[in-house]
Structures are given as structure tokens and as C-alpha cells.
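Convention: sequence-line order gives letters A, B, ...; per-chain numbering from 1.
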Amino acid sequence: MRTSWADSVAKSASETVVSNNNSVPRPTRSTYVPPHLRSSAAADAPTPAGTPTERPSFNGNTGGSRWGGSGGTRPESGRQGQGNGYAAAGRDVGANDRNNRSGGWDSREREVNSFVNDDKVYDMKQGFSEQENTGINFDAYDDIPVEISGENVPSPVNTFAEIDLGETMNQNIRRCKYVKPTPVQRYAIPIALAGRDLMACAQTGSGKTAAFCFPIISGIMRDQYVQRQRGGRTVYPLGLILSPTRELSCQIHDEAKKFSYQTGVKVVVAYGGAPINQQLRELERGVDILVATPGRLVDLLERARVSLQAIRYLALDEADRMLDMGFEPQIKKIVEQMDMPNRSVRQTMLFSATFPREIQRLASDFLSNYIFLAVGRVGSSTDLIVQRVEFVPESDKRSHLMDLLHAQRENGEHGKLQALTLVFMETKKGADSLEHWLCINGFPSTTIHGDRSQQERELALRSFKSGKIPILVATDVAARGLDIPHVTHVVNFDLPNDIDDYVHRIGRTGRAGKTGLATAFFNESNMTLARPLAELMQEANQEVPAWLTHYASQAPYGSNKNRRSGGHFGGCDFRREESFGKNLDYYGEEIVVLHSEFLPITVECMLLVSQVHGIRSSLSTGLFFTCFSGMYIYIYSIGFPRLFYVFTFSIRF
DNA sequence: AAAAAAG
């Protein structure tokens with residue numbers, strides 16, 4: 001096993017920390033039904049805000065709240081621990097057993113207090129001031145622009161009190177120190193509680209995770225009891241949350257556990273790189289909400305250890321990544337080719353900071369009559385992140401970085417606070433080599449990328465988060481969604497090729513309403529990024545260096561891929577494009593109008609002669625459309641409309 | 001072209 005110098009330093013340090021954190025022993029079983037919900041729970045069941053879902057109730061069963069009624073509830077536990085027949089994985093499901101996922105009737109203390117860890121971590125980081133830990137800077141969220149579209153949009157709320165999720169969850173919200181909902185929560189939660197599908201564009205760190213977790217948890221609590229079949233060791237989660245990286249799944253799981261503390265809703269995480277047996281055991285103990293990465297989930301589905309038959313809530317985090325070329329087949333398989341209820345039965349929510357419209361097109365297959373929500377990007381295109389671009393030739397990058405780090409160290413800009421610096425590199429090898437170089441030059445650092453073992457990845461992240469190692473060199477595995485407080489500086493040592501990736505990367509700082517700095521090293525190899533980067537910075541009222549403006553003006557209008565739309569949003573509802581409909585539903589029409597942004601110029605080469613009927617598939621841009629032989633189409637990609645006669649459509653990837 | 005995700 002490869003272990004870097006920095007990690008071994010961190011290991012000795014973090015091991016003590018870890019043992020401290022885990023001083024609360026993990027119970028053998030963590031699901032739990034709180035006392036106040038055991039007998040007369042109907043009265044305590046949270047009242048759903050907004051109108052109930054239009055979807056058919058799951059089993060047509062109207063037999064009261066899952067938590068209500070007397071069937072299956074017992075005032076006290078006759079047995080302890082594993083001996084509790086109600087919690088045993090393979091027990092019979094009696095007619096009165098209304099909840100075969102919920103655990104036993106242990107005392108309240110049996111559930112791990114998800115909030116304990118937080119405090120310990122905070123104690124450990126003595127450098128962090130009190131004030132910095134008190135949640136989110138809400139002033140930073142005033143006057144955030146919001147775009148919303150769709151039919152019958154539920155009204156937003158202004159306070160958590162308006163979306164009363166029940167006493168247990170309200171208490172958890174208070175424990176999380178959430179004072180009032182963030183903009184994305186204000187809009188998304190009522191939409192989700194009303195049972196509507198949702199496509200939401202909002203920066204992570206703006207409260208996205210809570211925005212989809214609260215409704216799912218409260219939905220599961222409120223849903224009528226469903227008699228569930230058990231096939232051998234197969235488990236049937238009700239909610240599924242997918243994310244593109246293992247670390248992000250862990251993070252969502254941690255948060256979801258806080259939100260569901262003492263609600264009886266069991267959240268389990270499954271991801272690759274970790275021993276599957278432990279995850280299987282965890283699943284066997286019961287699962288209501290499964291948080292997973294796609295690969296491991298497919299594995300579990302193929303082993304028939306998990307069935308998606310009972311899924312009523314599906315959430316994709318970082319949905320644009322999940323639907324890009326690398327992931328899309330796996331996601332399609334999970335959502336459309338396994339046993340998941342179709343989109344009119346389940347409720348589907350997609351979240352991301354950016355939503356290119358090709359991705360929206362793909363995503364719309366998963367959604368039914370959805371609402372599109374875009375909340376201005378907190379922290380990336382606002383004043384919260386200061387963006388700098390410097391022209392640095394490839395060969396000077398290391399010494400330039402060294403200069404920055406030295407300056408940072410000397411200025412002590414952040415007082416005694418540990419300033420965390422996140423450095424993004426293009427390749428895994430590059431990350432390793434830079435980390436080594438930094439370490440031998442007096443800057444303790446560590447690295448996270450896909451070639452490291454999961455253990456190493458998690459250790460690296462922990463060491464960085466805790467401030468033990470203040471520099472993390474990362475590939476794009478860390479670009480999305482990770483919430484690492486106190487990252488004050490993001491360095492794009494290598495710029496990404498896609499402007500959206502840049503947006504995600506710099507979003508690792510300026511979290512939760514705090515300010516941050518993002519520095520990018522730009523050189524000849526980044527020319528395709530010149531224009532979109534200059535535009536983005538302009539939009540964000542950042543100082544654009546004259547040389548960048550110059551390069552941007554010389555750059556050709558890139559293909560759609562690098563062009564942003566929607567102003568200060570990560571995207572706008574593609575259904576509002578004038579060409580919508582013509583592109584999607586024109587069976588029987590002969591003329592198709594395609595905007596340049598949808599197609600790269602190479603589309604010309606994709607139209608080939610053949611006698612076969614048109615086929616439905618996607619271009620490399622992710623564009624979907626159906627084409628029939630004999631159809632005429634206009635293509636606007638070359639600056640002026642040109643008419644093509646289609647014999648067939650050839651797909652290139 | 002690279003990275004991520006299963007082992």
C-alpha cells in the first residue's frame with residue numbers, strides 16, 4: 001500500500017483523534033423508534049405541507065400512518081439488543097408488522113448521536129473561532145436571484161416553521177444550527193413536499209443536501225404503511241440518493257443521518273473501494289434511504305441484495321456529472337432498466353450547481369411534469385469568491401505555487417486559523433508528484449485521486465479537513481460537492497477543459513456564505529477556456545486581466561460545451577428555449593431547427609447516406625432526437641442555416 | 001485526454 005510521508009504524519013495524529021471521535025460506541029443496530037412515536041404516533045406524525053402527492057398511494061393502502069396504529073407497536077421492549085425479534089434481519093413479517101425496516105425498541109441512547117462527532121471535531125480544531133462554527137452566514141443569501149418554471153409551482157416559504165416537518169425533525173434542524181432556510185431550501189422543500197419532480201440548479205454549500213433530504217425523510221415518516229415483501233436477503237429501500245464520488249456519498253450519508261436522528265428512518269451508505277460485507281450487513285439491518293455510488297449499487301442489484309421496487313424517492317446529486325458520458329449508461333441502467341418504479345410513480349429530484357442543456361435533455365427522461373429551479377450561485381459568481389487568473393507557463397507552475405504558499409504563510413492572513421489550500425491538478429500522476437515535491441519543500445500536503453485506495457483517500461480527506469495537513473492536492477474527484485469548511489484558497493494549478501468544472505472546483509471555497517480565494521494558472525494550453533473564463537469572471541464582477549480579455553476576443557466561439565447560459569445561474573430551463581419541442585417532439589415534422597449551441601460543427605460529418613430509418617440516440621453533445629429518413633433538417637452550427645437531407649443518422653462518440 | 005465508478 002502506497003502511503004505518502006504526509007499521510008504517515010497524519011495517521012499518527014488522526015488516529016488519536018479518530019478514537020476520540022468514536023468514543024460513543026456504535027450500537028449493533030441503529031434504527032430506532034422514539035418513544036413518542038411508539039403508541040399514539042398518529043397525533044405526532046408530521047403534517048405534510050402543501051397538497052399531497054398526486055401519485056397513486058403506494059399500495060392503495062390507506063391504513064393510517066406508518067408510525068400510527070397499534071399493529072406492531074409495543075410499549076416496551078421485552079428483549080435487549082440482538083435478541084430483539086423485531087430487529088432480526090430474517091424474521092417473519094407478520095400481518096401486523098407495519099415496519100419491517102425499523103429496528104427495535106431500544107432506549108433512545110442506542111442510536112448514535114450524529115451530532116456528537118461535530119462537537120468533538122470542533123473542539124479539536126482549537127484554531128477555529130466560535131463564531132465560525134455557528135452555521136451559515138445568512139446575510140450572504142439576501143437578494144439571490146431565483147428562476148423558477150413549471151406548472152403550478154408551490155409557493156416558497158420563509159421559515160422552517162412554515163414547513164413544519166414534525167417535532168423530531170424540527171429539533172434536528174435546530175441541532176444543525178439552521179436558523180432559516182437557504183434560498184434553495186425555501187423553494188425546493190415545498191416543491192418536494194408537494195410530491196413534485198424537481199430539477200434544481202444550486203451551488204453545493206447552499207444547503208442542497210438538506211433541500212432533498214428533509215422532504216424524503218419526512219415523506220417516509222408520513223407515508224402510509226406499506227406491507228413489504230422480503231425475498232431472502234433482499235432489502236427494499238424507499239429512497240435512493242446517488243452521487244458521483246464515494247466521498248460525496250459519505251458526506252450525504254453523514255448529513256442525512258443528522259437530519260433523520262431519532263425519526264426511525266434508517267439511512268445506509270454503499271460505495272466502492274470499501275469491503276462489501278460490512279455494507280451488506282448494514283443493509284440487512286434495514287434501510288429506508290440508500291445513499292450510493294453507481295458502481296456499487298449496480299453490484300448490489302446484480303447480487304439481488306437490493307431491490308429498487310419500493311423506491312418512491314430518487315435524488316441525483318451532482319446530476320450533470322451523473323449524466324455525462326462516463327456515468328450516463330450506468331445511471332440509465334439503474335433508473336430505467338432495473339426494477340425501479342417508473343417516473344410517474346416515484347418522485348425524482350435532480351440537483352447540481354450547473355445544468356448544461358444537453359444534460360437537461362437527458363435528465364428530462366427521468367422526470368415527469370417537473371419544476372425547474374435555479375438559484376443564483378451563492379459563492380461562485382458572487383463577491384464571496386475572489387477569482388484571480390495568472391499567466392503561468394507550464395514550467396513555472398511549481399515555483400509560482402511555492403511563492404503563493406510562502407506569501408500565504410507569511411501574511412498569516414487568517415490569523416491563527418488554519419488556512420486550508422486545495423490544489424487541483426489534471427492528472428493523478430501529476431497530483432502525486434506535486435504532493436511529494438511540496439512535502440520535501442517544507443509544505444506538508446496530501447493527495448486525493450482515483451488511484452489511491454479508499455482508505456488512503458479517506459485519510460487524506462480527514463487530515464485535510466481537520467487542518468492537520470493544510471494542503472490537499474486533488475484531481476477532479478474532489479471537484480464536486482465536497483463540503484470542506486475553512487478552505488480559504490483553491491488553486492487551479494491545471495485548469496479544467498470545461499468551464500463548468502471550473503465552477504465546481506472554485507465552489508470548494510466560499511462555502512456557507514464565507515469568503516474565499518480562487519487562483520488559476522493559465523497558459524497556452526488553456527486557450528479554449530479563455531472566452532468562457534473571461535465571461536464568467538466578468539459576470540461575477542471579477543477583475544479580468546487585459547491579456548485574458550485579449551485571448552478571449554481572439555478565441556473562436558467555442559462549441560456549446562464551453563459556453564454558459566443563464567446569466568448568473570448554473571443554467572436555465574431548456575424547455576423555455578424556443579426550439580424546445582421542435583427538437584424533442586417533432587415526429588411527423590419534416591424540418592428540424594437546431595441551434596448552433598446544440599451541435600458542434602462536426603455534426604455535418606455525422607449525416608451519412610443510408611436507407612435505414614432514423615434512429616433515436618444521442619450525439620456526443622448529449623443531444624437527443626429522433627430522426628426519420630427523408631427528413632429535412634436545418635443546422636445552424638456553421639453560422640448560417642444549411643439544409644440537409646437525412647438518410648440516416650450516424651452517431652459518433 | 002483525464003477522471004470517476006465494481007473487483
Side-chain angles (χ1 to χ4, degrees), chain A residues 1 240-253 269-280 283 290-306 316-335 338 352 354 359 394 422-435 447-458 460-461 472-482 492-505 508 523-529 558-559 561-562 600 602 620 652-653:
Chain A
M1 176 177 87
L240 176 64
I241 301 172
L242 292 172
S243 95
T245 66
R246 299 161 181 177
E247 285 76 12
L248 188 52
S249 283
C250 285
Q251 181 182 301
I252 295 167
H253 173 242
V269 67
Y271 55 90
I276 199 167
N277 282 334
Q278 201 179 325
Q279 292 173 6
L280 288 174
L283 286 168
L290 178 60
V291 185
T293 50
R296 179 53 62 92
L297 177 61
V298 169
D299 192 3
L300 292 167
L301 292 169
E302 281 168 356
R303 291 171 190 235
R305 298 300 293 263
V306 170
L316 300 194
D317 202 7
E318 305 300 334
D320 66 330
R321 166 61 98 227
M322 304 294 278
L323 291 169
D324 81 5
M325 296 223 316
F327 271 120
E328 192 246 0
Q330 263 180 314
I331 302 300
K332 273 197 123 51
K333 176 172 181 175
I334 292 167
V335 177
M338 306 302 291
S352 181
T354 53
I359 299 293
E394 207 60 43
L422 182 51
V423 182
F424 280 106
M425 305 266 314
E426 202 52 28
T427 67
K428 299 180 272 200
K429 254 179 70 180
D432 276 337
S433 120
L434 179 67
E435 178 237 20
T447 178
I448 187 168
H449 59 67
D451 272 357
R452 304 198 77 193
S453 74
Q454 191 55 26
Q455 270 195 330
E456 290 172 320
R457 283 165 59 160
E458 282 168 24
L461 194 57
L472 179 64
V473 184
T475 59
D476 266 332
V477 69
R480 284 167 181 263
L482 288 189
N492 273 290
F493 192 94
D494 301 320
L495 273 164
N497 296 315
D498 190 318
I499 190 67
D500 281 344
D501 289 332
Y502 173 84
V503 171
H504 283 277
R505 284 180 178 188
R508 294 318 96 212
N523 64 34
E524 312 79 30
S525 53
N526 309 114
M527 285 309 172
T528 54
L529 208 63
S559 63
K561 197 168 180 301
N562 257 345
T602 52
S620 57
R652 266 202 211 166
F653 289 101

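Taking every side-chain heavy atom of A/Asn497 into account, B/dA1 is the closest of B/dA5, B/dA1, B/dA4. For A/Arg457, whose side chain is taken as the heavy atoms from C-beta onward, the closest listed nucleotide among B/dA6, B/dA4, B/dA2 is B/dA4. Among B/dA6, B/dA5, B/dA3, the nucleotide with an atom closest to any side-chain atom of A/Thr427 is B/dA3. In the set B/dA4, B/dA2, B/dA5, the nucleotide with an atom closest to the side chain of A/His449 is B/dA4.
When the P atom of B/dA2 is taken as reference, atom OH of A/Tyr502 falls 23 Å away, rounded to whole Å. Going from atom CG of A/Leu495 over to atom P of B/dA2 covers 17 Å, rounded to whole Å. Between A/Leu297 atom CG and B/dA6 atom P there is a gap of 9 Å when expressed in whole angstrom units. One interatomic measurement links the two molecules: CG of A/Leu323 to C1' of B/dA5, which rounds to 14 Å at whole-angstrom precision. Computed from coordinates, the A/Asp501 CG to B/dA1 C1' distance equals 13 Å when rounded to whole Å. Taking atom CZ on A/Arg305 and atom C1' on B/dA6, their separation rounds to 16 Å, with Å as the unit. Atom CG in A/Asp500 sits about 16 Å away from atom C1' in B/dA3, given to the nearest Å. Summarising the geometry, the separation between CD1 on A/Ile334 and P on B/dA5 is reported as 13 Å, rounded to the nearest angstrom.
A close approach under 4.0 Å does occur between a side-chain nitrogen or oxygen of A/Thr475 and OP1 or OP2 of B/dA4. Put simply, A/Arg246 has a side-chain N or O that comes within less than 4.0 Å of OP1 or OP2 on B/dA5. OP1 or OP2 of B/dA4 has at least one side-chain nitrogen or oxygen of A/Lys428 nearer than 4.0 Å. The side chain of A/Thr293 places an N or O atom within less than 4.0 Å of a non-bridging phosphate oxygen (OP1 or OP2) of B/dA6.
Partners of A/Phe493 under the ring-ring contact (aromatic ring centres under 6.0 Å, His included) rule, at least two apart in sequence or in another chain, are A/Phe521.
Using a 4.0 Å heavy-atom distance criterion, A/Gly326 is classed as a base contact. Across all strands shown, A/Arg321 has no heavy atoms under 4.0 Å from either base or sugar-phosphate atoms.
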N/O donor to acceptor pairs below 3.5 angstrom from side-chain atoms of residues 270-278 of chain A, sequence neighbours left out:
| from | atom 1 | to | atom 2 | distance (Å) |
| --- | --- | --- | --- | --- |
| A/Tyr271 | OH | A/Glu458 | OE2 | 3.1 |

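With contacts defined as side-chain heavy-atom distances shorter than 4.5 Å, the pair A/Arg452/A/Val477 does not qualify.
In this structure, A/Arg505 does not pair ionically with A/Asp494, as no charged nitrogen and carboxylate oxygen lie closer than 4.0 Å. The pair A/Lys429-A/Asp432 does not meet the salt-bridge criterion, since no charged nitrogen lies less than 4.0 angstrom from a carboxylate oxygen.
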